[in-house]
K.L.:
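For reference, the structure I am asking about is given below.
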There are 2 protein chains.
Amino acid sequence: MIHYKLLERCPLFKGISEDEAQKLLALIHFQVKNYEKNEIVAIAGETVKNLYIILSGSVKGEMIDYSGKTIKIEDVEAPRPIASAFLFGKENHFPVTVTANNEVKILSIPVSEFLKLLQKNMQILKNYLNIISSRSQFLSQKLHFLSFKTIRGKMAHFLLQHAGDKLHSVELKSSQQQMAELFGVTRPSLARVLGEMQREKLISIEKRTVTLLDKQKLNEILQHG
Amino acid sequence: MIHYKLLERCPLFKGISEDEAQKLLALIHFQVKNYEKNEIVAIAGETVKNLYIILSGSVKGEMIDYSGKTIKIEDVEAPRPIASAFLFGKENHFPVTVTANNEVKILSIPVSEFLKLLQKNMQILKNYLNIISSRSQFLSQKLHFLSFKTIRGKMAHFLLQHAGDKLHSVELKSSQQQMAELFGVTRPSLARVLGEMQREKLISIEKRTVTLLDKQKLNEILQHG
DNA sequence: TTGGTTTTGTAACAATTGATACATTTTCAG
DNA sequence: CTGAAAATGTATCAATTGTTACAAAACCAA
């Protein structure tokens, strides 16, 4: 049986009551599959033909490189969906091999049935569109950020974005170490750039508050990449 | 009036006949707006409340930096949609300011009406899901590619991906210059890496055919970033 | 084939970042 | 307040890439 209450916590069923969820699922075909620990749920490269939602337990996604070694990518726990971004589109196959971390119960809805669900319920349609659109927007922003090749460029972009049009100071919410990871660089390299920018009077740092002294010049940095 | 035949060439209406399109649009509310040359269609930051499909003419997207300068991003021509990836999701506002390049006719469908359309017609629903999913997958691949920090890593990934599991040679379809742009590096730097990899007997290059001599070692390069 | 254009290979030097190490400052629990 | 832990500033050297320049090779139209 399905714990319909659990589905409320799944982003796809946000705003759908327990009763509603039960009624909606009664209208379509689906399966609930059980997997034992270490059992393989899906193999990388396989076509994604179903929407998978984890009802209990957790799974891990692993990539297999060309030589056969496996590298763990991420864990997914109930009540999250697996590979929901690969249900449609040109590359609709699993990017990773999915394996059960423990005893797992998975709700499996065929694509054709899921499409029916989307047409029957406006809220689920909205939810799904919001989920995959948000993912796309997140990736787009990430990509834009990475398009700045130098640490200076990334930092200028970061500061200007967080300050917005009006403010002239930014409160850093994370340590240099965390910031360095976000930027994908080493901590001393980040500190060096911050030091240089202070010496050039572009910014000034007091504790964790960064004041933007010359927005004009910070903008020029963006242009150069 | 709308040239419904034009819509067939729009990815969103793929597989929808002229008649069908006309009948479907008759079921919902929409507007056809005309813009003169240089007229502003949408301002960056504005919430996207409609699906816009260009019926004739073309528009350009421009970003405005923090100092007020404008930078042209891309042109969109009939019968393409504008900002269709920003209709839903958390960041549902225009990433760029959109201006008419010439006399432009635009089909404007409110989000709520577009949702109805998606629920009424399975083909359009599939088309839209495929479009935004493909975009997401494209961005994801791009991001994965950029996650390799060295040119060596990018090149190893590129060659192994294009060769697949079975082949041991890759036919390059573009010049070093084009490849360098794809990698986001300079041409001499790319050539240098190719030279090094040849000297190390990892690959051999004959005209535009790259033979992978040591897939094992190429894989090891991926692990190190 | 010829002659010009494009593509490729390579070199020397500058700029940027990574890796590592260490001193200093800040933070925070006791 | 005090002392240990965490965070930060800085230095040095190695690795990687960019920049610029030039010659050799490949390509292609006349």
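Just so you know, these numbers use all the heavy atoms, side chains as well, and skip hydrogens, waters and symmetry mates. The chains referred to below are lettered A, B, ... by the order of the sequence lines, with proteins before strands, and numbering in each begins at 1. Worth saying up front: this structure is predicted, and the values here are computed from it rather than measured.
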K.L.:
More than 12 heavy atoms of other residues, nucleotides or ligands under 6.0 Å from NZ of B:Lys33: is that the case?
P.N.:
yes

K.L.:
Give me the distances for all protein-to-nucleotides 7-14 of chain D N/O pairs that come in under 3.5 Å?
P.N.:
unit_1	atom_1	unit_2	atom_2	d
D:dT8	OP2	A:Gln176	N	2.8
D:dG9	OP2	A:Gln176	NE2	2.5
D:dG9	N7	A:Arg187	NH1	3.1
D:dG9	O6	A:Arg187	NH2	3.1

K.L.:
Classify the ring geometry of A:Tyr128 against A:Phe114: parallel below 30°, tilted from 30° to 60°, perpendicular beyond 60°.
P.N.:
perpendicular

K.L.:
Using the side chain to side chain contact (heavy atoms under 4.5 Å, CB included) definition, which of the options A:Leu194, A:Leu212, A:Ile221 pairs with A:Leu202?
P.N.:
A:Ile221

K.L.:
Name all pairs fulfilling the salt bridge (charged side-chain N to carboxylate O under 4.0 Å, His left out) condition that reach into residues 34-56 of chain A, sequence neighbours left out, sorted by first residue then second.
P.N.:
none

K.L.:
Rounded to the Å, how far apart are B:Phe183 CZ and D:dG18 P?
P.N.:
12 Å

K.L.:
Distance check needed: D:dG18 P versus B:Glu181 CD, whole Å only.
P.N.:
13 Å

K.L.:
Taking only residues two or more places apart in sequence, or in another chain, which ones meet A:Asp214 in a salt bridge (Lys or Arg N to Asp or Glu O under 4.0 Å)?
P.N.:
none

K.L.:
Could you tell me the separation between the CE atom of A:Met155 and the P atom of C:dT16, rounded to a whole number of Å?
P.N.:
15 Å

K.L.:
Nearest whole Å is fine: how far is C:dT16 P from B:Lys149 NZ?
P.N.:
19 Å

K.L.:
Between the two end axes of the helix from C:dT1-D:dA30 to C:dG30-D:dC1, each built from 5 base pairs, what angle do you get to the nearest 10°?
P.N.:
50°

K.L.:
Determine which pairs satisfy salt bridge (charged side-chain N to carboxylate O under 4.0 Å, His left out) with at least one residue from residues 152-161 of chain B, sequence neighbours left out, and list them in order.
P.N.:
B:Arg152-B:Glu200

K.L.:
When the distance from CG of B:Leu190 to P of D:dT17 is rounded to whole Å, what number comes out?
P.N.:
10 Å

K.L.:
With under 30° as parallel and over 60° as perpendicular, where do the rings of B:His144 and B:His157 fit, or are they tilted in between?
P.N.:
perpendicular

K.L.:
Hey, which of A:Ile82, A:Ile43, A:Ile40 is the one that makes side chain to side chain contact (heavy atoms under 4.5 Å, CB included) with A:Val98?
P.N.:
A:Ile82

K.L.:
Which side-chain hydrogen bond (donor to acceptor under 3.5 Å, both in side chains) pairs, counting each pair once, include a residue from residues 179-192 of chain A, with sequence neighbours left out?
P.N.:
A:Gln177-A:Glu181, A:Thr186-A:Ser189, A:Ser189-A:Arg192

K.L.:
Look at the side chain of A:Thr186 and decide which nucleotide, out of D:dG18, C:dT17, C:dA19, has an atom nearest to it.
P.N.:
C:dA19

K.L.:
Ignoring backbone atoms, establish whether A:Lys207 has a side-chain N or O less than 4.0 Å from OP1 or OP2 of C:dT27.
P.N.:
yes

K.L.:
What is the separation between atom CG on A:Leu172 and atom P on C:dT27, rounded to the nearest whole Å?
P.N.:
13 Å

K.L.:
For A:Glu206 and C:dT25, give me the distance from atom CD to atom C1', rounded to whole Å.
P.N.:
14 Å

